[in-house]
Amino acid sequence: MDKVARVGIDLAKKVFHVTAVDAAGAVVERKRLRRAGLQSYLALLPRGCTVAMEACGGAHHWARLAARLGHGAVLMNPQFAAPYVKSNKNDVNDADGIAEASARPGMRFVPVKAAAQEHVQQVHRARQMAVRNRTAQGNQIHGFLLEYGIESPRGKGALLRRLAEVLEDAENELPVEGRALLRELGDEFRRLDERVAMFDAQLAGVARRTPACGRLMAIPGIGVLTATALVASVGEAGEFRNGREMAAWLGLVPRQRSTGGRPTLLGISKRGERYLRTLLIHGARAALRTAPRHADRRSRWAVATRDRRGGNIAAVALANKNARTAWAVLARGAAFDADHAGRAA
C-alpha cells in the first residue's frame with residue numbers, strides 16, 4: 001500500500017474495480033470492492049495519491065470524497081481513456097486503462113464539480129425535461145382537437161384559451177368521454193407550465209445570489225439560464241487556458257480535416273456540452289435582433305457579420321465570441337465592456 005502512487009477506479013453502481021500502480025506505472029494490486037469497501041480503501045491509501053476515474057454517474061461524488069481524504073482526484077472523458085484499454089473490454093481492463101491514461105502528460109481532465117454546482121445543473125436538467133414534456137403535451141392536445149375538426153392556435157396561453165372554449169361549446173362533436181380526457185390533458189399542461197415557472201424562479205434566485213452570474217448577464221445574449229448553466233458547468237473556468245479553449249470545448253469552433261500543411265475547416269464541431277451550446281446560440285440570435293439599435297463596437301461587428309455572412313453564421317460567431325468573453329469574465333473576474341478593443345481571449 002505504501003508504494004501506491006496512482007489508482008484507477010472503474011466506477012459502477014454497486015461493485016467497483018480498482019487498479020493501484022506505483023510511481024513507475026507497475027501494478028501494485030487489483031481489487032474488487034463494493035461501495036462501503038471503496039470508501040474504506042480510499043481512506044487507507046497514502047495521502048497525496050492520484051485517484052483517477054472516468055467522468056460518469058457518481059464520479060464527482062467520489063472525486064470530492066477522495067479530495068477530502070487528501071488525494072488528488074482527476075476525472076477523464078471516457079472516450080479519452082478508451083484507447084488505453086488493452087485486449088477485451090471488462091471491468092479489470094477498464095481500471096488498468098484508467099490508471100494508465102491518467103499518467104499521460106497530454107491527458108485532458110474534467111473539472112470536479114462542487115455539490116452546489118451539481119444541484120444547479122440538476123435544476124437545469126429537470127427544467128429541460130419539464131419543457132420537453134410540456135411541448136409534447138401541447139402537441140398531443142393539438143392532435144386530439146384536430147381529430148374532431150377543431151383547429152387550435154400556437155402558444156401556451158392561446159392553446160389553453162382555445163381548449164376552454166372548445167370544452168364549453170356544446171355544439172361541437174366532442175363526446176362526453178373526450179371532453180373529460182381533454183380537460184385532464186389541459187390540467188396536466190398547466191401543471192407542467194407551473195413546474196417550468198418554478199424552476200425558472202429557482203434559477204433566477206441562484207443568479208441573484210451569485211456575483212459571477214451578474215457579471216455574465218451583462219453580456220448581450222447571456223441571460224439567467226445561460227449564466228447559471230455556465231457557472232454550474234465551468235465554475236471560474238480555471239481549467240481552460242484561454243477563451244479559445246472554452247469555445248472549442250463547447251463545440252463552437254470549426255472541425256478540421258487538415259493534412260500536409262493544408263488547413264481545411266468545416267462546420268462547427270458540435271463537441272462538448274450540447275445544452276450550453278444551444279443556450280449560447282439562442283441567446284446570440286436574440287442579441288442579433290437588437291444589435292442594430294446599439295452603436296457599440298460589439299454590436300457593429302455583429303450587424304456587419306450578419307450582413308456579410310447571413311444570420312445563422314453570425315449567430316454562431318456571436319455565440320463563440322460570447323463564450324470567449326464569458327471565459328474572461330469568469331477567469332479574470334473582469335466586468336464586461338462592449339467597446340473593449342484588446343486582443344481576442
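Quick caveat: nothing in here was measured; it's all calculated off a predicted structure. One is the number of the first residue; the rest follow in order along the sequence.
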So, does [X] use its side chain to make a donor-acceptor pair with the main chain of [Y] at under 3.5 Å?
{"X": "Asn322", "Y": "Pro220", "result": "yes"}
{"X": "Thr210", "Y": "Ala207", "result": "no"}
{"X": "Asp22", "Y": "Val4", "result": "no"}
{"X": "Ser299", "Y": "Ala295", "result": "no"}
{"X": "Ser269", "Y": "Pro254", "result": "no"}
{"X": "Trp327", "Y": "Phe240", "result": "yes"}
{"X": "His60", "Y": "Lys113", "result": "yes"}

Name the orientation class of the two ring planes belonging to His124 and Tyr275 (parallel below 30°, tilted from 30 to 60°, perpendicular beyond 60°).
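Correct class here is perpendicular.
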
With the side chain counted from C-beta on, respond yes when [X] and [Y] share a heavy-atom pair under 4.5 Å apart, and no when they do not.
{"X": "Leu75", "Y": "Trp62", "answer": "no"}
{"X": "Trp301", "Y": "Arg297", "answer": "no"}
{"X": "Met76", "Y": "Met107", "answer": "yes"}
{"X": "Phe189", "Y": "Lys156", "answer": "yes"}
{"X": "Met53", "Y": "Phe16", "answer": "no"}
{"X": "Lys31", "Y": "Leu38", "answer": "no"}
{"X": "Val231", "Y": "Thr228", "answer": "no"}
{"X": "Val15", "Y": "Arg34", "answer": "yes"}

Measuring from [X]:[atom1] to [Y]:[atom2], what's the distance to the nearest 0.5 Å?
{"X": "Arg257", "Y": "Thr264", "atom1": "CZ", "atom2": "OG1", "value": "10.0 Å"}
{"X": "His61", "Y": "Leu11", "atom1": "NE2", "atom2": "CG", "value": "10.0 Å"}
{"X": "Ser102", "Y": "Tyr84", "atom1": "OG", "atom2": "OH", "value": "10.0 Å"}
{"X": "Leu318", "Y": "Arg306", "atom1": "CG", "atom2": "CZ", "value": "11.0 Å"}
{"X": "Gln128", "Y": "Leu279", "atom1": "CD", "atom2": "CG", "value": "8.0 Å"}
{"X": "Ile219", "Y": "Met217", "atom1": "CD1", "atom2": "CE", "value": "11.0 Å"}

More than 12 heavy atoms of other residues, nucleotides or ligands under 6.0 Å from [atom1] of [X]: yes or no?
{"X": "Met198", "atom1": "CE", "value": "yes"}
{"X": "Arg195", "atom1": "CZ", "value": "no"}
{"X": "Gln39", "atom1": "CD", "value": "no"}
{"X": "Arg125", "atom1": "CZ", "value": "yes"}
{"X": "His142", "atom1": "NE2", "value": "yes"}
{"X": "Glu165", "atom1": "CD", "value": "yes"}
{"X": "Arg241", "atom1": "CZ", "value": "no"}
{"X": "Arg32", "atom1": "CZ", "value": "no"}

Walk me through whether Leu265 and Gln256 qualify under side chain to side chain contact (heavy atoms under 4.5 Å, CB included).
CA-CA 5 Å; Leu265 300 181; Gln256 285 197 41; 3.5 Å; yes

Linking I/L/V/M/F/W/Y whenever any side-chain heavy atoms sit under 4.5 Å apart, do [X] and [Y] land together?
{"X": "Leu69", "Y": "Ile9", "answer": "yes"}
{"X": "Leu280", "Y": "Leu288", "answer": "no"}
{"X": "Val224", "Y": "Val131", "answer": "no"}
{"X": "Val329", "Y": "Leu230", "answer": "yes"}
{"X": "Val74", "Y": "Ile98", "answer": "yes"}

Contact summary for [X] and [Y], nearest pair of heavy atoms:
{"X": "Leu250", "Y": "Arg277", "value": "O-NH1, 2.9 Å"}
{"X": "Ala326", "Y": "Met246", "value": "CB-CE, 4.1 Å"}
{"X": "Ala291", "Y": "Ala302", "value": "CB-CB, 4.4 Å"}
{"X": "Gln79", "Y": "Pro83", "value": "O-CD, 3.3 Å"}
{"X": "Cys49", "Y": "His71", "value": "O-CB, 3.3 Å"}
{"X": "Ala23", "Y": "Ala5", "value": "N-CB, 3.6 Å"}

Begin with the C-alpha distance, continue with both residues' side-chain angles, and end with the deciding distance and a verdict on side-chain hydrogen bond (donor to acceptor under 3.5 Å, both in side chains) for Arg179 and Asn172.
CA-CA 11 Å; Arg179 292 178 189 276; Asn172 57 45; 2.6 Å; yes

Below 4.0 angstrom, N of the basic side chain to O of the carboxylate: do Glu194 and Arg191 qualify?
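Salt bridge absent between Glu194 and Arg191.
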
Do the side chains of Arg134 and Asp193 get close enough for a salt bridge, i.e. N-O under 4.0 angstrom?
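Yes.
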
Listed once per pair and sorted, the salt bridge (charged side-chain N to carboxylate O under 4.0 Å, His left out) pairs that draw on residues 96-109, sequence neighbours left out:
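Of all non-adjacent pairs touching residues 96-109, those that pass salt bridge (charged side-chain N to carboxylate O under 4.0 Å, His left out) are Arg30-Asp96, Lys86-Glu100.
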
Say whether Gln121 and Ser233, considering side chains only, have a donor N or O and an acceptor N or O under 3.5 Å apart.
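Short answer, yes.
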
Set out, in order, the CA-CA distance, both residues' side-chain angles and the distance that settles side-chain hydrogen bond (donor to acceptor under 3.5 Å, both in side chains) for Asn312 and Arg285, then state yes or no.
CA-CA 8 Å; Asn312 289 334; Arg285 292 188 192 281; 3.0 Å; yes

Show your reasoning for whether side chain to side chain contact (heavy atoms under 4.5 Å, CB included) applies to Leu276 and Trp249.
CA-CA 10 Å; Leu276 261 178; Trp249 175 73; 4.2 Å; yes

Could you walk me through whether Arg162 and Glu151 satisfy the side chain to side chain contact (heavy atoms under 4.5 Å, CB included) test, starting with their C-alpha distance in whole Å, then the side-chain angles of each, then the deciding distance to 0.1 Å, before giving a yes or no?
CA-CA 9 Å; Arg162 179 59 173 154; Glu151 183 183 359; 5.6 Å; no

Could you please spell out the steps behind the side chain to side chain contact (heavy atoms under 4.5 Å, CB included) verdict for Val18 and Leu33?
CA-CA 8 Å; Val18 175; Leu33 302 168; 3.9 Å; yes

